[in-house]
> 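Just dropping this structure here.
Ligands are counted one by one from 1 in listed order, and the atoms in each one are counted from 1 as well.
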Amino acid sequence: MAERTFIAIKPDGVKRNLIGRIITKFEEKGYKIIGLKMLIPTTEIAEKHYEEHKGKPFYPRLIKYITSGPIVAMVLEGENVIAESRKMMGATKPEEAQPGTIRFEYAITKEYNIIHGSDSPESAEREINIYFKKEELCSDWTTMLEMITNEG
Ligand code: IDP
Ligand code: MG
């Protein structure tokens, strides 16, 4: 089923110059990027994003981490993209991530693990709306391009 998910390259991924490599993996897999931006999350945005973790011991550090520098936020569209992109990311703890996954390749701690991805259709919808306005999503660009190229 065609779905949308929210992915973020976290500040450690940006600082380590992994933006291109990570985006390439999703593009090569076949997902369509329909939203893309770089931003430094405010505390308010970070708290909304991670509200499910409020009260956990690592929560204050998580908010500090995610607001510590620019992230690259994106919306991907494709068949089963929510679960499949999570598989591509690998387990939260890099030592449990399978070889070939993003976290296996690029991360060594569960705290600074390079990438975020929505874990369910509900969180995908919620997280996309935190970071993107509807008009910032370009779902129809293939169609628009076909229209232009068919004109002549
Ligand atoms: P996920 O990113 O794989 O969905 P979650 O359990 O939702 O993992 O945790 C959100 C983020 O919080 C993790 O990606 C990681 O950055 C951080 N985190 C999770 N568990 C811990 C922990 O036990 N200690 C420190 N940071 C953690
Ligand atoms: Mg999560």
Side-chain angles (χ1 to χ4, degrees), residues 1-139 141:
M1 196 180 75
E3 294 175 336
R4 289 177 179 186
T5 196
F6 174 74
I7 301 283
I9 303 171
K10 294 175 173 179
D12 52 334
V14 173
K15 277 176 206 145
R16 287 178 48 202
N17 298 322
L18 297 172
I19 298 171
R21 262 171 273 214
I22 291 172
I23 289 179
T24 296
K25 286 179 195 284
F26 292 121
E27 286 191 321
E28 286 180 346
K29 171 80 174 171
Y31 298 130
K32 187 161 136 190
I33 299 170
I34 63 162
L36 185 65
K37 64 167 94 167
M38 180 183 256
L39 72 149
I40 301 175
T42 60
T43 302
E44 191 190 351
I45 287 182
E47 285 179 346
K48 267 192 207 160
H49 179 165
Y50 283 118
E51 70 183 13
E52 65 175 305
H53 296 303
K54 203 171 177 172
K56 294 183 185 168
F58 63 84
Y59 177 78
R61 283 172 64 95
L62 175 57
I63 298 301
K64 248 192 200 161
Y65 165 39
I66 212 72
T67 58
S68 69
I71 68 166
V72 172
M74 67 191 110
V75 178
L76 300 182
E77 194 173 78
E79 292 288 309
N80 301 314
V81 68
I82 300 169
E84 292 302 311
S85 60
R86 291 274 299 187
K87 277 190 210 162
M88 290 172 70
M89 285 165 45
T92 308
K93 297 180 186 172
E95 69 267 27
E96 290 172 5
Q98 293 301 306
T101 61
I102 293 164
R103 283 166 169 169
F104 178 88
E105 286 187 12
Y106 300 130
I108 52 175
T109 68
K110 68 179 164 188
E111 184 163 20
Y112 304 122
N113 56 10
I114 302 285
I115 188 163
H116 167 83
S118 309
D119 62 7
S120 68
E122 295 70 32
S123 59
E125 167 91 17
R126 199 183 70 81
E127 291 166 7
I128 289 168
N129 287 328
I130 292 172
Y131 286 92
F132 289 91
K133 297 181 191 138
K134 265 205 176 68
E135 59 269 27
E136 290 175 322
L137 301 179
C138 307
S139 189
W141 56 263

> Using the test ring pair (Phe, Tyr, Trp, His ring centres under 6.0 Å), find all partners of Y106 that sit at least two apart in sequence or belong to another chain.
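If we apply the ring pair (Phe, Tyr, Trp, His ring centres under 6.0 Å) test to Y106, skipping adjacent residues, there are no hits.
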> Per the side-chain hydrogen bond (donor to acceptor under 3.5 Å, both in side chains) rule, what does the pair list look like for residues 34-50, sequence neighbours excluded?
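Residue pairs with at least one partner in residues 34-50: K37-E136, H49-H116, H49-Y131.
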> Using the side-chain hydrogen bond (donor to acceptor under 3.5 Å, both in side chains) rule, collect all pairs that involve residues 77-96, keeping only residues at least two apart or in two chains.
R4-E77, E77-S139, E84-K87
> Applying a heavy-atom distance cut-off of 4.0 Å, which protein residues contact ligand 1?
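Lining ligand 1: K10, Y50, H53, F58, L62, Y65, R86, T92, R103, K110, E111, N113.
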> Could you check I22 against I7 for side-chain contact (heavy atoms from CB on, under 4.5 Å), going step by step and ending with a plain yes or no?
CA-CA 10 Å; I22 291 172; I7 301 283; 5.6 Å; no
> Run the salt-bridge test on E52 and R126 with the 4.0 Å N-O cut-off and return the result as yes or no.
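R126 and E52: not salt-bridged.
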> When you look at I23 and I9, which way does the side-chain contact (heavy atoms from CB on, under 4.5 Å) test go after all the steps?
CA-CA 9 Å; I23 289 179; I9 303 171; 4.3 Å; yes
